[in-house]
Amino acid sequence: MRTQKTILNLVYALGSSLLLMLLGFATRRLLVFNFGNDITAASQVVDKLFNFFSIAEFGVGSVISYRLYEQIAAKDTEKISKYMSMYKWAYRAVGVVICVLAGIGALALPWIMPGVASIQTAYTVYLLNTISTLSGYFLVTRRLMYTCTQQGYLCTRIDFCFNIANYLARIAIALWLPNYILYFGVSILFNTGANLVVAARYKKDFPELHEVKVTLRDFKDLGIFHDLKYYLVHRLSNTIYGSSDTIVTSRMAGSAMTANLGNYTTVSDSATNIGNKIMDSFAAAIGNIVYDKSATANAHDKQVFWGLDLFSYFFGSFVATAYLCLFQPFISLWMGSDRLLPLGFVIVFSLNEYVGWNHRMLGSYRAVLGHFEQDQWFMVASAATNLILSFALFPAFGITGIVAATVVAHCIMWVGRGIVVCRQYMRGSGWRYLRVQAVHLVTLVVLMAGSYRVCALLPGGILGLLGRAVVVCILPNVLNLAFYIWTSDAAYLRTQAGRLWQKITHR
């Protein structure tokens, strides 16, 4: 049943995300060329600022979700109802705090965006983002239950319809009524509509759940405040990691460079969205495995862990190779060669994507295990390193230095997460994990260098881009299979692939 739900989540997620990615590319091009660098850069910076403000969420969603997995496995309806009610009221409180932070943050806009010609434009975009963010916090909470029960595909269906409408409306506005207030404002309408439909569906899908009166004492008695105290550090570090590049670039390099960076991050965000859909399909299953005691029989839990870790490597090495080989030719065709960033930026960016995707499954295990105090100082070090190195490296290396700082910070996060998983779940596996990652790094270099060399032989233009895409889809994946499919780490993947093949061939 877990495997079937995982595959169903994956199919729905991929199908919708691919179409939305193409529409996103169209709207991005229209935003850049119809509204200019100032509005484009302002929208990017404001979006990242609100990522910072989301620190007020304290990680309550992650803390409650990992507790929900245990109660869902135990089928304790009363506790599930209580956690969902706590989640709802916690998010309402977060919405109020973010509103206050938004008011304070508005004072910093002139300092963060000195290159924007009209600060009034930045404030208008800022206000629209405030409204959109707050509407989300007050309406989004019902989605958690779908995620934890591996029914995220139901939300994906609803989001898909509203996102299509949102993109089409944005395209129409950019083409025939180029008003940036309407362009950004229409998203508020469709995002709110999607959340309202999910809320209505929730009552039908989970009739056994009900509202429960909760107090601050409930949060304290269930240990929520204890976990939040430590998870806040994680939330802060993750937020700095995800947002600092754009904000530092805006401050140090101006709106034109920020807009060019946004072209690359638009592509990576779309790819990340698809990747997250794939990985999130497994994340809920991981939570259920960890809290389902039957899953630990015959060391099955360790076999699953090493198999999923290898899958993360396959995915991460493929993504890194794809960025290295396809980023520059795609941006050149999409936006023009005058908007290309240096090759050094692309190399470092690709390495950062590898670090993230390579330990994505490890991160999912870490998220459901709790014990956030055990790696909190790694998260502090990660955040501090990211900020300090970004400003220190920019004068000498430009935007490449900013991304290099992010890679170092990301690696520090990775080490902390690995320590927690090896202490709490995969006891005695720390040194083996290090050896495995060292081998993965060697094969990554072979994949990236070999694929880049082959792609360099191909011509430019659309046909050249398609040829490179074929090389990237085949060469690194074939080499990875040749290197690893025969190993013990791949045992779980071989088993699951065999079962899937049997289902397909016996239909």
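Under the 4.0 Å criterion applied to side-chain N and carboxylate O atoms, Lys82 and Asp76 are not assigned as salt-bridge partners. Between Arg28 and Asp269 no salt bridge is recorded (no basic side-chain N to carboxylate O distance below 4.0 Å).
The backbone N or O of Asn129 sits nowhere less than 3.5 Å from a side-chain atom of Ser132 that would complete a donor-acceptor pair. With Thr258 contributing its side chain and Ala41 its backbone, the two residues share no donor-acceptor pair below 3.5 Å. A distance-only check finds no donor-acceptor pair linking the side chain of Arg170 to the backbone of Val186 [under 3.5 Å]. Side-chain N or O atoms of Thr265 include one that pairs as donor or acceptor with a backbone N or O of Gly262 at under 3.5 Å. Of the possible donor and acceptor atoms, one in the side chain of Tyr126 sits under 3.5 Å from a partner among the backbone N and O of Ala106. Tyr365 places no side-chain N or O within donor-acceptor distance of the main-chain N or O of Arg417, the cut-off being under 3.5 Å. When atom types are taken as modelled, the side chain of Arg494 and the backbone of Thr487 share a donor-acceptor pair closer than 3.5 angstrom. When atom types are taken as modelled, the side chain of Ser312 and the backbone of Met361 share a donor-acceptor pair closer than 3.5 angstrom. Judged by distance alone, the side chain of Trp414 and the main-chain N or O of Val355 form no donor-acceptor pair under 3.5 Å. With hydrogens and angles disregarded, no donor-acceptor distance shorter than 3.5 Å links the side chain of Ser382 to the backbone of Phe378.
Between Val267 and Phe25 the shortest side-chain heavy-atom distance falls below 4.5 Å. Phe206 is not listed as a side-chain neighbour of Ile80, based on a closest heavy-atom distance of 4.5 Å or more. Within the 4.5 Å cutoff, the side chain of Asp205 has no heavy atoms near those of the Gln151 side chain. Taking 4.5 Å as the limit, every side-chain heavy atom of Met84 sits out of range of all side-chain heavy atoms of Val212. The shortest side-chain heavy-atom distance between Ile419 and Val415 falls under the 4.5 Å cut-off. For the pair His210/Glu78, a side-chain contact is recorded, criterion being any heavy-atom separation below 4.5 Å from C-beta on.
Residues Ala469 and Leu326 approach most closely at N-CD2, 3.6 Å, considering heavy atoms. Residues Asp375 and Gly416 approach most closely at CB-O, 3.5 Å, considering heavy atoms. The shortest heavy-atom contact between Ile72 and Cys148 is CD1-CB, 3.5 Å. Leu493 and Phe314 get closest at one heavy-atom pair: CD1-CE1, 4.2 Å. Nearest heavy atom pair, residue Tyr323 against residue Ala271, reads OH-CB, 3.3 Å. Val407 approaches Asn352 most closely through the heavy-atom pair CG2-CB, 3.5 Å.
Interatomic distance, Leu19 CG to Phe160 CZ, rounded to the nearest 0.5 Å: 4.5 Å. Of the inter-residue distances, the one linking Cys161 atom SG with Asn166 atom CG reads 13.0 Å to the nearest 0.5 angstrom. Here Asp159 contributes atom CG and Leu20 contributes atom CG; the two are 9.0 Å apart, rounded to the nearest 0.5 Å. One distance of note links CD1 of Ile173 with CZ of Phe184; it measures 10.5 Å at 0.5 Å rounding. With values rounded to the nearest 0.5 angstrom, Ile131 atom CD1 is found 8.5 Å from Leu134 atom CG. Here the CD1 atom belonging to Ile402 is positioned 3.5 Å from the OG1 atom belonging to Thr249, to the nearest 0.5 angstrom.
The side chain to side chain donor-acceptor pair (under 3.5 Å) test applied to Arg92 returns no partner, not counting sequence neighbours.
Here Tyr83 and Tyr87 keep their ring centres 6.0 angstrom or further from each other. Between His410 and His359, the ring center distance clears the sub-6.0 Å criterion. Between Tyr492 and Phe305, the ring center distance fails the sub-6.0 Å criterion. The six-membered or imidazole ring of Phe349 lies away from that of Tyr264, with a centre-to-centre distance of 6.0 Å or more.
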Step by step, work out the side chain to side chain contact (heavy atoms under 4.5 Å, CB included) result for Thr27 and Leu23.
CA-CA 6 Å; Thr27 55; Leu23 289 173; 5.6 Å; no
Set out, in order, the CA-CA distance, both residues' side-chain angles and the distance that settles side chain to side chain contact (heavy atoms under 4.5 Å, CB included) for Asp489 and Arg432, then state yes or no.
CA-CA 11 Å; Asp489 288 354; Arg432 178 183 175 182; 2.4 Å; yes
Could you walk me through whether Asn358 and Gln437 satisfy the side chain to side chain contact (heavy atoms under 4.5 Å, CB included) test, starting with their C-alpha distance in whole Å, then the side-chain angles of each, then the deciding distance to 0.1 Å, before giving a yes or no?
CA-CA 9 Å; Asn358 183 49; Gln437 297 310 315; 2.7 Å; yes
Carefully, step by step, assess Phe318 and Asn480 under the rule side chain to side chain contact (heavy atoms under 4.5 Å, CB included).
CA-CA 9 Å; Phe318 167 71; Asn480 269 334; 5.8 Å; no
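The closest side-chain donor-acceptor pair between Arg142 and Asn195, if any, does not fall under 3.5 angstrom. Under the 3.5 Å distance criterion, with hydrogens and angles disregarded, a donor-acceptor pair is assigned to the side chains of Asp245 and Thr406. Between the side chains of Tyr484 and Thr443, at least one donor N or O sits under 3.5 Å from an acceptor N or O.
Applying the 6.0 Å contact sphere to CH2 of Trp89 captures no more than 12 heavy atoms from other residues, nucleotides or ligands.
Ring geometry for Tyr433 versus Trp306: interplanar angle of 30 to 60°, hence tilted. Using a 30° and 60° split on the angle between ring planes, Phe53 and Phe50 fall in the perpendicular class, above 60°.
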